[in-house]
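Numbers restart at 1 for each chain; the letters A, B, ... are given by sequence-line order, proteins then strands.
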Amino acid sequence: MTLRITIDIFSGRENPVIKLTGKEEKDALERLQPGAKIGARAVGLPVEPTLGYRGMIIEPTGAAAKGLPKMFRLAHGDMFGEGLANRAADTSFEDFICGTGGPLTKLNLGPRFPDFVKSEIAAYRQIRDKYVIGPIKVFPKVTPCTCGPIYEPAWWNDAGQKQYYNNCYNYGCNYRTDTFAQPGKAAGAQYTALTCNAVKAAAVADALIDSPNADNKCPVEGHLVALVIWPNADFHWYRKGKDGYWTHKPGGTAVTNKDNSGAVIVDPRTANRGSYTNFCTFMVVMHGHIKIK
Amino acid sequence: MAGASVFSGRPDPEWEINAGTLNIIREKWEALPSFAGEPPVPPPLGYRGCFVKCPPGEEWSAYGGVVTRKIEGRSLSRLDEARFIEKTVLASAPAGLLPEIVL
């Protein structure tokens, strides 16, 4: 069994991940046993993810993890997850991880990295102090979109023709072509640069409608998509579904409703997008109007 | 043929791999210990691993310190903590083909 601890701190780079097994895992799980409940009026988590340290994402496995959800977040000794809003038994768990000789030092990220993380932890405390908990919800409230496509990953994820030959653009437009569609190609105006402006213009040529002020709200007709860019490397699309949540299909891989932190996506602007750091715009897909290739 | 699973919109990059590099991979494979656990799961976006395909049916894939070799319908995984095979495959790509990948 492995206890996986992700230091949720970066935006573009991959977050450092600590994996504990055996005695170290057992010790850490004892420190993470739920203590006092976090009540109303206590300090919560920011309503939108922020840049810099955002806590530790902890994924316990096995019988020893009884009482803990499959994934939860810890910050300053507070633990939040499904059915979990408690202080950790060791409220200085972050000091244990980042301290001298602690598990973080074994990742060999440089002698100054643990101190850097500690300073980020302190800065995050100041951010958290602004957010007082109200009623605790498992998932953020979202508004369903009457015209949005349904979330049906099984249809796309056939480990065959549909999955391998349709990409994020196909999925975002809810339009299977089996050609790994490229923005603008159907209109003879394929993008020539991997920038927001170039890919957006190409999508407009395919009859997607640029809606920069959509602000994550369901359109009256059609469905909402979002364009993001990995600068000079790639583009990616998300789509807002009938249930109001966002989903995506990274290339030939499976459709998913999770971001790079494993969190359900309520807003692609604030989701963990890995290297796709540039949020370009929202666009509207009018069913039956667009053509992609 | 080698390649990397890295993009979402653009097709993933693929390139020819030479016999010398393939021999290095095979030699390293022979020295790796067996791995029977859960392979690491890559995130949805960004780098998700690399692969080498050798006709008539041998295939290698590598991500996060685990290398899997498939041949004649059978699959075997080994632990490559230093990610030697993964780094060797990625280093064999032509200059400029891959974006910066942080392992």
The interface call for A:Y164 against chain B, heavy-atom contacts under 4.5 Å, is neither

Neighbour count above 12 (heavy atom, 6.0 Å) for A:Y165 OH: no

Apply side chain to side chain contact (heavy atoms under 4.5 Å, CB included) to residues A:F235 and B:F7 and explain how you reach the verdict. CA-CA 8 Å; A:F235 60 88; B:F7 293 142; over 6 Å; no

Counting only non-hydrogen atoms closer than 4.5 Å, does A:T256 touch chain B with its backbone (N, CA, C, O), its side chain (CB onward), both, or neither? side chain

Largest heavy-atom contact set with chain B, pairs under 4.5 Å, which of A:T2, A:N167, A:N272: A:N167

Based on non-hydrogen pairs under 4.5 Å, which of A:Q182, A:K258, A:K249 is most in contact with chain B? A:Q182

Side-chain contact, heavy-atom cut-off 4.5 Å: A:N260 with B:P44? yes

Within a strict 4.5 Å, meaning less than it, do heavy atoms of the A:S275 and B:E100 side chains meet? no

Bottom line for B:E38: the part with an atom under 4.5 Å from chain A's heavy atoms is neither

Given heavy-atom pairs under 4.5 angstrom as the criterion, report whether the side chain, backbone, both or neither of A:N170 touches chain B. neither

Non-hydrogen side-chain atoms of B:V6 and A:W230 separated by less than 4.5 Å: yes

Taking side chain as C-beta onward, heavy atoms only, is A:H248 less than 4.5 Å from B:S8? no

Shorter than 4.5 Å, heavy atoms on both sides: which option in B:G37, B:P42, B:P99, B:P11 has the most such pairs with chain A? B:P11

Decide if atom NZ of A:K293 counts as having more than 12 heavy atoms of other residues, nucleotides or ligands within a radius under 6.0 Å. no

Side chain, backbone, both or neither of A:Y276 within contact of chain B (heavy atoms, under 4.5 Å): side chain

In the structure I gave you, are the side-chain heavy atoms of A:L194 and B:R10 within less than 4.5 Å of one another anywhere? yes

CD/A:E152: more than 12 non-hydrogen atoms of other groups inside 6.0 Å: yes

